[in-house]
Amino acid sequence: MQRIPGLFARMTGDEKHGWAAASTIDVLWVLYDRVLNVTPATVDDPGRDRFLLSKGHGPMAYYAVLAEKGFIDESTLDDWTSWDSPLGQHPDRVLVNGVEISSGSLGHGLPIAVGTAVGQRIAKSAGRTFVLVGDGELDEGSNHEAIAVAARLGLGNLTAIVIDNQSAWYGWPGGIARRFEVEGWAAATVDGRDHEAIFEALTARHDGPGVVVARTEKSY
């Protein structure tokens, strides 16, 4: 983790999304360092865990973690978003090793994750699906449908992480975790900078889908 801030700092030119990216750093690190069963050598393994970054409009932290873990070369960080760079302001699954979905448009990552988890179950895969969304994305109608159907299907191999940096317009009565609980999800709310709390929440067993709400401040 010590090198991540320095890798993050090598990418400049998208300051408007800096806070959005910085709020995900700790969760992304815990996922790739301690939770996900995927490596640069197993990115095509059908039994791998899938991580979907729905919050794709601020990908700098994601790129920094992928570089630190060997999925991409660190040198590509220095000219990100340039004409011939594979690293755009939204991640591209075709261009960036280890990226599962091209994302950035709000609200479609969670529905894709539901479909991915269903596919894993059909294939009898041991792999799990994790998806990271922003609190503001939950205002999108596609997420209402995905939250409802995931629990109805009993997708125990699906975990959503919601980065709650208090940027949603409307909020939810009782809080974000309650929004999922009323549909049958197991839910936990943690400090989005506390690595042990994040790890314990992400590895907790749940028979149906689970959600971890990671509360953060908009800061570096």
Parallel, tilted or perpendicular: which fits the ring planes of Trp172 and His144, with parallel below 30° and perpendicular above 60°?
tilted
Joint hydrophobic cluster, [X] plus [Y], side-chain heavy atoms closer than 4.5 Å:
X	Y	result
Val182	Ile147	no
Val162	Ile25	no
Met60	Val30	yes
Leu28	Ile101	no

Hey, mind stepping through Val99 and Leu66 against side-chain contact (heavy atoms from CB on, under 4.5 Å) and telling me if it holds?
CA-CA 9 Å; Val99 170; Leu66 289 176; 4.0 Å; yes
Checking Thr39 now: which residues fulfil side-chain hydrogen bond (donor to acceptor under 3.5 Å, both in side chains) with it, not counting sequence neighbours?
Thr42
Return the minimal non-hydrogen interatomic distance between [X] and [Y], and the atom names on each side.
X	Y	value
Pro86	Leu95	CB-O, 3.6 Å
Ala67	Leu77	CB-CD1, 4.0 Å
Gly88	Thr81	C-CG2, 4.2 Å
Gly56	Pro91	O-CD, 3.2 Å
Asn143	Pro111	OD1-CD, 3.7 Å
Val190	Ala201	CG1-CB, 3.9 Å

Find the distance between [atom1] ([X]) and [atom2] ([Y]) and round it off to the nearest 0.5 Å.
X	Y	atom1	atom2	result
His90	Ser103	NE2	OG	8.0 Å
Leu31	Leu132	CG	CG	7.5 Å
Ser23	Asn165	OG	CG	4.5 Å
Ser54	Ile112	OG	CD1	7.5 Å
Leu53	Ile161	CG	CD1	10.0 Å
Thr76	Asp79	OG1	CG	7.0 Å

Working for side-chain contact (heavy atoms from CB on, under 4.5 Å), residues Ile4 and Val65:
CA-CA 7 Å; Ile4 296 300; Val65 171; 4.1 Å; yes
[X]: side-chain contact (heavy atoms from CB on, under 4.5 Å) partners, not counting sequence neighbours:
X	answer
His206	Thr159, Ala186
Ala113	Leu52, Thr129, Val131, Leu158
Asp49	Leu36, Asn37, Arg128, Phe130

Applying ring-ring contact (aromatic ring centres under 6.0 Å, His included), can you list everything that pairs with Phe180, at least two apart in sequence or on another chain?
Trp185
The ring-ring contact (aromatic ring centres under 6.0 Å, His included) partners of Tyr32 (sequence neighbours excluded) come to Phe51, Phe71
Can you tell me if Asp92 uses its side chain to pair, donor with acceptor, with the backbone of Ser102 under 3.5 Å?
no
May I have all residue pairs that pass salt bridge (charged side-chain N to carboxylate O under 4.0 Å, His left out) and include part of [range], sequence neighbours excluded?
range	value
residues 110-121	none
residues 198-212	Arg205-Asp207
residues 134-157	Arg152-Glu183
residues 62-78	Arg3-Glu68, Arg3-Glu74, Arg10-Glu74, Arg10-Asp78, Asp33-Lys69

Who are the salt bridge (charged side-chain N to carboxylate O under 4.0 Å, His left out) partners of Asp164, not counting sequence neighbours?
Arg215
All salt bridge (charged side-chain N to carboxylate O under 4.0 Å, His left out) counterparts of Glu196, not counting sequence neighbours:
Arg34
Given Thr24 and Tyr62, is the side-chain contact (heavy atoms from CB on, under 4.5 Å) satisfied, shown in steps?
CA-CA 8 Å; Thr24 68; Tyr62 188 33; over 6 Å; no
Does some side-chain heavy atom of Val212 sit less than 4.5 Å from a side-chain heavy atom of Ile198?
no
So do Arg48 and Glu100 actually touch side chain to side chain, heavy atoms under 4.5 Å?
yes
Test side-chain contact (heavy atoms from CB on, under 4.5 Å) on Val133 and Lys55 and set out the steps.
CA-CA 5 Å; Val133 306; Lys55 190 178 167 68; 5.8 Å; no
